[in-house]
Amino acid sequence: MCGITGYLGFREAYPIVINGLQRLEYRGYDSAGVVITNSKKETNLYKTKGKVADLRSIVEKNDATGNLALGHTRWATHGEPNDINSHPHTSNSGKLVIIHNGIIENYDSIKKELTSRGYTFKSDTDTEVLINLIEEVQKQNNYKLGKAVQMALTNVVGAYAIAVYAIDKPDEIIAARLGSPLTIGIGEDNKEFFVASDASPFIEYTKNAIYLDDEELAIIKLGRNIRIRKIYDDSFVEPTINALKLNLEQIEKGGFEHFMLKEIHEQPHAISNTYRGRLLADKGIIKMGSIDNNIAKFLNAKRIIIVACGTSWHAGLVGEYLFEDLARIPVEVEYASEFRYRNPIINKNDIVIAISQSGETADTLAAIKLAKSKGAFVFGICNVVGSSIARETDSGAYTHAGPEIGVASTKAFTTQITVLALIALKLGNLNGELSNSAFQDYLYKLQLIPKKIENLLSINSKIEEIAAIYKDAPNCLYLGRGFNFPVALEGALKLKEISYIHAEGYPAAEMKHGPIALIDESMPVVVIATKKGHYEKVVSNIQEIKSRKGKIIAIVTEGDTTVKDIADHIIEIPDTEEALSPLLTTIPLQLLSYHIAVMRGCNVDQPRNLAKSVTVE
Ligand code: G6P
C-alpha cells in the first residue's frame, strides 16, 4: 500500500507533492514524509509519524524550496510507524533518496550482505536496504543512477513502485515498478514531470500520463523524452501516453463532510454512468463490447469463478445469485487470497471474473495470473482506469463509478453489482434462460434504480435517528437471505471497518445455528426482509429475534405492514425485482454505518489500520 508522489520541473515542488500526498492518503496514513532539493543541490528531508496534515505543519515552519521533491504516505509493513521508519529514506552517503510502495521480501539477506560491507541502517525498513543496495551497485560499477537502480532491482524479490534521485543531479528521477502501481505525468515540452501511485496528484497540471508496466524502469530527465527499459532484459519500451479523463471536482469533497457521504450520495449518478451506453432499453438490448467480442466463450462457459477481496468479494457473491438465477450458469466465488494458494482446479472452459475497485489488490492480481497460467479466460471488473488488474485481464468492463476515496467502499459495490447484473441479464437472454419479455422488464427496472436510490437517500435523517440509539452497541448482527445475504455481510463489514463495532453478517436462517445465542435486549439486529425475497421465512426469523428481546432494525419493501408491527425500526426501500434489490437495500446500511461512525468520533474516511488499495498480500 502506501502512496508515493514526486515532482521535477520548474515550479515549487513541495506544494505539489504535499497536496498530492493528501490525495493519496487513502492508500495509507501511518506516517508521511517529503524530501526537497533545490538547484543548488541543497536538500531538506522531513518525515513524521501520523498524517499528511502533521507533516504539513512541520514542513511549513521550515525551508521547503526547490523544484525537485518526493513524498510518501505510509501503511506500515516493515517496522512500526514512527518518524525513523517513515519515507523518504537516504543511502549511507546521503546522496541518494528513495520512496517506495511495496515489500522487498529478501531484504534481510541483502541487509546482512550490505552490513558485512560496512553499511549501517537507521530504520527497520526494507526500503532503506534497497537504497543502499542501489548505492553499492553504483559504487562497485561506476554506473549512472538509472543503470544502478536497474541492476539493483534484478537482485530484489518482492513488489515495488519506487522513485529515486541523486541530490547532486537534481534534473533526474528514476522510477520503476513491479506489482505496485506507478503513473508518470508529462508536462508540456518535457519541462516538468510527475510520478505518483495514481494520477490524482497531478491532474490539474497535465492530462498526459504513462502507466508504467511491471518490470519497467523509467529515466525521467528534464528537457528530454522519458526513456523506459525492461528491468530484466534491458530492452527499450516505446512509452504509450494516455489522455487522463479524471478532473479535480471528482476528487474533492464537494460540500460533503466526508468522502464516504459524498460517495454514498453519488450512487444514482455512478450507477447511471455504469450502464450508460450499455443498457439500451429503447432498443431492448444490452451492448457491452467486452462481452460481445467474447460471446462464444461466455455462452460456452461451464462455470464462472469470481475472485475478489473485501467489498468486491461481496459484490461477487451477489453476482453468484445473479448468474445462477438469471443465466443458469454455475458460479463459485473465491477469496482471491485463498484461491491463489489452493492449487484450484481450473479448466479452459471456465471464465474467471476478477472484481476490484482499485484494480491493484495484490491477492486479486496474483489470482488472475494463476488463472491465466492455467488457461482460463479472465475478465476484469474494475473502477480505476488503466489499473494493473484492468491491464492484466484478457478483457473487462469498467464500472465508471468515478474516484472512490473513502476507504470504506460504497459506490464501487453498487456499480460492480450493476455490471454483474448487465452481464447476467445479457447472457441469460442470449442463452434462452431469460425470456425476451422478462429481459425487457429487467432493463426497464434497472434503469429506474438510480431514481429510486435518489428517493431513498431522503431517509438520511431517519437513519441518523436510529444511529443515535445504537451508536454505543458493542455488537451488531446483520441478517439477509438470497440476494440480500451478501448485503448483510457487506452491511456488517461497513459497520466494523469504520465504527469499530463488532458486527457479523449471516444468512438469516443460519441464525439458529449459533448467533441466536448472542441475542438479548442489548443486541441490535439488522434484518433485510424484502417482499419478494423469502419474505415469510425472514419474518419468522424476526419473530425469533423478538422473542429473545433483540432490537430489530428491518429493511422492508415500501408498504410493508407485517414487519412494521414486530420490528423496533422500519426502513422502507422502493419495490423492485429481488435480483436488483441489493442495489437498494445496501444504501440504508451504508448510511447507518456512516452515522454511527461519525457519532462515535471515528475517522470515517481513514479508518484505523486500513487502506484503500491493498498492494501487499
Ligand atoms: C481494502 C479496502 C476495501 C476493498 C478491498 C478490496 O480492504 O479497504 O474497501 O473492498 O480492499 O479492494 P479492491 O480495490 O480490490 O476492490
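Whatever order the structure lists them in is the order used to number ligands and atoms, beginning at 1.
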Checklist entry - Which protein non-hydrogen atom lies closest to atom 7 (O) of ligand 1, naming both residue and atom, and how far is it? => result Val614 CG2, 3.9 Å
Checklist entry - Counting each atom of ligand 1 from 1 as listed, which ones have a heavy atom of Ser409 under 4.0 Å away? => result 9 (O)
Checklist outcome for this item: Looking at Gln357, Lys612, Glu360, the heavy atom closest to atom 11 (O) of ligand 1 belongs to Lys612
Next on the checklist: With a sphere of 6.0 Å drawn around CG of Leu248, does it hold more than 12 non-hydrogen atoms of other residues, nucleotides or ligands?
Outcome noted: yes
Checklist entry - Would you say Val407 touches ligand 1, if touching means a heavy atom closer than 4.0 Å? => result yes
Item to check | Interfacing atoms of ligand 1 (cut-off 4.0 Å, heavy-atom, Ser356) | outcome: 13 (P), 14 (O), 15 (O), 16 (O)
Next on the checklist: Counting only heavy atoms closer than 4.0 Å, does ligand 1 sit against the backbone of Ala611, its side chain, both, or neither?
Outcome noted: backbone
Checklist entry - How are the rings of His87 and His100 set to each other: parallel, tilted or perpendicular (split at 30° and 60°)? => result tilted
Checklist entry - What protein heavy atom is closest to atom 5 (C) of ligand 1, reported as residue, atom name and distance in Å? => result Cys309 O, 4.0 Å
Item to check | N-O pairing of Arg340 and Asp363 below 4.0 Å | outcome: yes
Checklist entry - In terms of atom number and element, which parts of ligand 1 are under 4.0 angstrom from non-hydrogen atoms of Thr311? => result 10 (O)
Checklist entry - What residue and heavy atom of the protein are closest to atom 12 (O) of ligand 1, and at what distance? => result Thr361 OG1, 3.3 Å
Checklist entry - In ligand 1, which numbered atoms sit nearer than 4.0 Å to a non-hydrogen atom of Ser312? => result 10 (O), 13 (P), 16 (O)
Checklist entry - Are any of the side-chain nitrogens in Glu25 or Lys51 under 4.0 Å away from the carboxylate oxygens of its partner? => result no
Next on the checklist: Closer than 4.0 angstrom, basic N to acidic O: yes or no for Glu257 and Lys262?
Outcome noted: no
Next on the checklist: Give me the atom names and distance for the closest heavy-atom approach of Tyr506 to Ala488.
Outcome noted: O-CB, 4.2 Å
Checklist entry - Could Asp214 and Lys369 be called an ion pair, given the rule that one side-chain N must be under 4.0 Å from one carboxylate O? => result yes
